[in-house]
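In what follows, chains are A, B, ... by sequence order, proteins preceding strands, each numbered from 1. None of the values given here were measured: they were computed from a predicted structure.
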Amino acid sequence: MKIATYNVNGINGRLPVLLRWLADAQPDVVCLQELKAPQEKFPEKAIRNLGYDAIWQGQKSWNGVAILSRVGQIHETRRGLPGDPDDSHSRYIEAAVNGILIGGLYLPNGNPKPGPKFDYKLRWFDRLIAHAGELLATGQPVMLAGDFNVMPTDLDVYKPERWLDDALFAPEARAAYFRLLDQGWIDALRTLHPDEVIYTFWDYFRNAFGRNAGLRIDHLLLSPPLAERLVDAQVDVAVRGWEKSSDHAPVWIELADGKKAPGRPKSRRRVTGTLD
DNA sequence: ATGCCTAATGCAATTAGA
């Protein structure tokens with residue numbers, strides 16, 4: 001089963017690119033972020049025509065998250081994180097699909113730092129960590145996928161020294177990311193490619209993609225039972241070079257079938273350890 | 001410190017992104 005996350009940066013402005021990528025890449029489940037569309041403007045028909053069911057939480061102008069599936073029903077379990085009834089941003093949607101619980105998220109950017117936006121980012125992160133801990137404690141196959149707006153380590157930034165004061169690379173944001181990871185989540189891309197320079201975002205400015213001046217901020221985190229099934233993890237970098245592309249590229253993982261033969265577990269890759 | 005670019009809103013210029 002192939003599961004992807006893609007910050008589309010406007011689902012209607014991006015629709016031709018999204019549909020082309022879905023047809024090319026054939027992901028089974030997709031988490032989308034930054035729909036930038038109100039609930040009623042989600043292009044459900046175009047997506048359904050490619051064989052995908054969808055749930056989404058829209059919002060006028062900003063944010064917005066969705067989960068698509070072509071491998072069976074989407075059993076929605078929640079939208080919005082617990083812990084702040086006044087939070088009006090559409091940044092979290094969660095569903096069980098094909099035996100996996102998937103939390104699709106768009107973590108706040110947090111710039112400028114310091115300021116109320118950075119405070120909101122850290123508070124939102126705390127709420128995510130609290131909820132993620134409960135999900136992990138179930139022992140079930142669980143995944144958190146989306147735009148975390150955090151580069152975990154120096155390896156994930158083209159010029160780390162220039163980003164130290166930025167909300168995406170600030171010590172507080174990275175510490176929160178590792179607090180989350182230390183619950184027991186496995187960063188799929190980094191686990192399969194421990195030393196590789198991998199980016200998922202390139203600014204529209206300054207020919208950033210052409211210069212490969214990128215950031216790794218879109219992540220797929222797996223609970224231990226899911227990590228055992230991890231067989232591949234990649235970024236569809238070429239999509240970032242398409243006409244009218246998002247500033248993010250799609251990121252995906254391939255999971256082995258969950259049904260194991262009795263007494264014959266599949267071979268296991270390294271799934272433990274943190275990154276720094 | 002700011003522009004560089006892009007999307008949404010809504011029809012100009014502002015907000016937000018990262």
Side-chain angles (χ1 to χ4, degrees), chain A residues 5-21 31-43 46 56-66 87-92 104-122 124-125 128 146-174 176-177 189 197-219 235 237 239-251:
Chain A
T5 179
Y6 187 18
N7 180 323
V8 290
N9 187 18
I11 193 166
N12 286 306
R14 203 67 57 215
L15 195 56
V17 168
L18 174 62
L19 297 178
R20 177 184 169 191
W21 170 72
C31 297
L32 298 176
Q33 303 87 37
E34 276 208 87
L35 305 179
K36 291 185 169 180
Q39 189 69 11
E40 65 275 14
K41 293 279 180 61
F42 185 88
W56 65 95
Q57 187 183 23
Q59 181 181 333
K60 188 181 174 185
S61 299
W62 316 119
N63 309 317
V65 284
D87 186 359
S88 60
H89 293 203
S90 296
R91 294 184 178 275
Y92 188 83
L105 64 101
Y106 175 45
L107 208 136
N109 176 302
N111 279 308
K113 179 188 91 70
K117 291 190 174 184
F118 190 62
D119 297 340
Y120 174 63
K121 178 178 195 162
L122 296 182
W124 204 94
F125 227 138
L128 177 64
D147 178 357
F148 285 70
N149 269 318
V150 175
M151 298 84 88
T153 74
D154 285 1
L155 191 56
D156 303 312
V157 196
Y158 66 99
K159 282 245 193 288
E161 66 278 9
R162 289 193 190 171
W163 286 83
L164 287 171
D165 289 331
D166 191 278
L168 278 70
F169 200 53
E172 301 95 316
R174 296 163 71 194
Y177 182 83
L189 271 283
V197 171
I198 303 168
Y199 300 139
T200 67
F201 167 92
W202 298 260
D203 213 311
Y204 289 123
F205 300 169
R206 304 182 204 84
N207 189 32
F209 185 60
R211 296 183 296 118
N212 198 27
L215 310 172
R216 189 174 76 95
I217 55 178
D218 300 274
H219 307 300
V235 181
V237 174
V239 176
R240 178 61 181 82
W242 291 358
E243 189 88 13
K244 299 286 283 180
S245 165
S246 169
D247 38 10
H248 296 249
V251 187

**Q** On the nucleotide B:dA18, are OP1 or OP2 found under 4.0 Å from the side-chain N or O atoms that A:Asn149 carries?
**A**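 Answer yes for this pair, as a side-chain N or O of A:Asn149 is under 4.0 Å from OP1 or OP2.
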
**Q** Distance check needed: B:dG17 C1' versus A:Arg91 CZ, whole Å only.
**A**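 After rounding, the gap between these two atoms is 10 Å.
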
**Q** Can you tell me how far P of B:dA16 sits from CG of A:Asn63, to the nearest Å?
**A**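 Value for this atom pair: 11 Å.
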
**Q** If we take the C1' atom in both B:dT15 and B:dG10, what is their distance in whole Å?
**A**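 Approximately 13 Å lies between the C1' atom of B:dT15 and that of B:dG10.
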
**Q** Would you kindly compare A:Ile217 and A:Ser245 by the position of their nearest DNA chain B nucleotide and give the one closer to the 5′ end?
**A**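 Nearer the 5' end of the strand: A:Ser245.
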
**Q** Check this for me: does the side-chain of A:Asp166 come within 3.5 Å of the base of B:dA18 through a donor and an acceptor?
**A**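 Check fails, no donor-acceptor contact within cut-off.
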
**Q** Rounded to the nearest angstrom, tell me the gap between atom CD in A:Gln59 and atom P in B:dT9.
**A**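 Distance check: A:Gln59 CD to B:dT9 P gives 11 Å.
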
**Q** From the list B:dA7, B:dA18, B:dT9, which nucleotide is the closest neighbour of the side chain of A:Asn9?
**A**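 Nearest to the side-chain atoms of A:Asn9, counting from C-beta on, is B:dA7.
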
**Q** With a 4.0 Å cutoff (strictly under), does any side-chain N or O of A:Lys36 reach OP1 or OP2 of B:dA16?
**A**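 For B:dA16, neither OP1 nor OP2 has a side-chain N or O of A:Lys36 closer than 4.0 Å.
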
**Q** It should be established whether A:Arg206 places a side-chain nitrogen or oxygen under 4.0 Å from OP1 or OP2 of nucleotide B:dG3.
**A**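 So the side-chain polar atoms of A:Arg206 never come under 4.0 Å of the phosphate oxygens OP1 or OP2 of B:dG3.
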
**Q** Is there a side-chain contact between A:Lys117 and the phosphate of B:dG17, meaning an N or O under 4.0 Å from OP1 or OP2?
**A**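 Affirmative; the distance criterion is met.
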
**Q** Do side-chain atoms of A:Tyr204 reach the backbone of A:Asp247 as a donor and acceptor pair under 3.5 angstrom?
**A**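 Here the side-chain-to-backbone pair exists.
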
**Q** According to the interplanar angle, ranging from 0 to 90°, do the rings of A:Trp56 and A:Phe42 count as parallel (below 30°), tilted (30 to 60°) or perpendicular (above 60°)?
**A**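 A:Trp56 vs A:Phe42 ring planes: parallel.
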
**Q** Would you mind classifying the nucleic acid contact of A:Asn7 as base, sugar-phosphate or nothing, using non-hydrogen atoms under 4.0 angstrom?
**A**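 Sugar-phosphate, no base atom in range.
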
**Q** Please check this pair: side chain of A:Ser245 against backbone of A:Val239, looking for a donor-acceptor N/O pair closer than 3.5 Å.
**A**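 Confirmed, A:Ser245 side chain pairs with A:Val239 backbone.
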
**Q** Atom NE2 of A:His89 and atom P of B:dA16: how far apart are they, to the nearest Å?
**A**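 Taking NE2 of A:His89 and P of B:dA16, I get 9 Å after rounding.
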
**Q** Does either side chain, that of A:Lys36 or that of A:Asn9, offer a donor lying less than 3.5 Å from an acceptor on the other one?
**A**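 Short answer, yes.
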
**Q** I want to verify a distance call: between B:dA7, B:dA18, B:dG17, whose nearest atom is closest to the A:Leu215 side chain?
**A**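 Selected nucleotide: B:dA18.
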
**Q** Please check the phosphate of B:dG17 (OP1 and OP2 only) for any side-chain N or O of A:His248 closer than 4.0 Å.
**A**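 No, no such contact exists.
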
**Q** Please report the distance, rounded to the nearest Å, between CZ in A:Phe205 and P in B:dA7.
**A**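 Spelled out: CZ on A:Phe205 to P on B:dA7 is 12 Å.
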
**Q** Any side-chain N or O of A:Asn109 less than 4.0 Å from the OP1 or OP2 oxygen of B:dA18?
**A**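 Checking B:dA18 against A:Asn109, a side-chain N or O does come within under 4.0 Å of OP1 or OP2.
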
**Q** Please state how far atom CD in A:Glu40 lies from atom P in B:dT9, giving the value in whole angstrom units.
**A**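 In whole Å, B:dT9 P lies 10 Å from A:Glu40 CD.
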
**Q** Where the side chain of A:Thr200 meets the backbone of A:Arg216, is there a donor-acceptor pair that is under 3.5 Å apart?
**A**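 It does not hold such a pair.
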
**Q** Pick the P atom in B:dC11 and in B:dA1, then give their distance to the nearest Å.
**A**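 After rounding to an integer number of Å, I get 34 Å for this pair.
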
**Q** Among B:dA18, B:dT15, B:dT9, which is the nearest nucleotide to the side chain of A:Ser61?
**A**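 The closest nucleotide is B:dT9.
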
**Q** Please give the distance between the P atoms of B:dT2 and B:dA7 as a whole number of Å.
**A**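 So the two P atoms sit 24 Å from each other.
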
**Q** Rounded to whole Å, how long is the line connecting atom CD of A:Glu243 with atom P of B:dA7?
**A**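 Checked: the CD to P distance equals 11 Å.
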
**Q** If I take atom CG in residue A:Asn12 and atom P in nucleotide B:dT6, what distance separates them, rounded to the nearest angstrom?
**A**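 Result: 19 Å.
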
**Q** Please tell me if the side chains of A:Tyr120 and A:His89 come closer than 4.5 Å, counting only heavy atoms from C-beta onward.
**A**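 Of all side-chain heavy-atom pairs linking A:His89 with A:Tyr120, at least one is under 4.5 Å.
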
**Q** Map A:Trp62 and A:Ala37 onto DNA chain B by nearest heavy atom, then report which one ends up closer to the 5' terminus.
**A**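 Taking each residue's closest nucleotide, the earlier one in sequence belongs to A:Ala37.
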
**Q** Base, sugar-phosphate or nothing for A:Asp147? Non-hydrogen atoms, less than 4.0 Å.
**A**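 The residue A:Asp147 makes sugar-phosphate contact but no base contact.
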
**Q** Is the shortest side-chain N/O distance from A:Tyr106 to OP1 or OP2 of B:dA18 below 4.0 Å?
**A**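 So the side-chain polar atoms of A:Tyr106 do come within 4.0 Å of the phosphate oxygens OP1 or OP2 of B:dA18, strictly under.
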
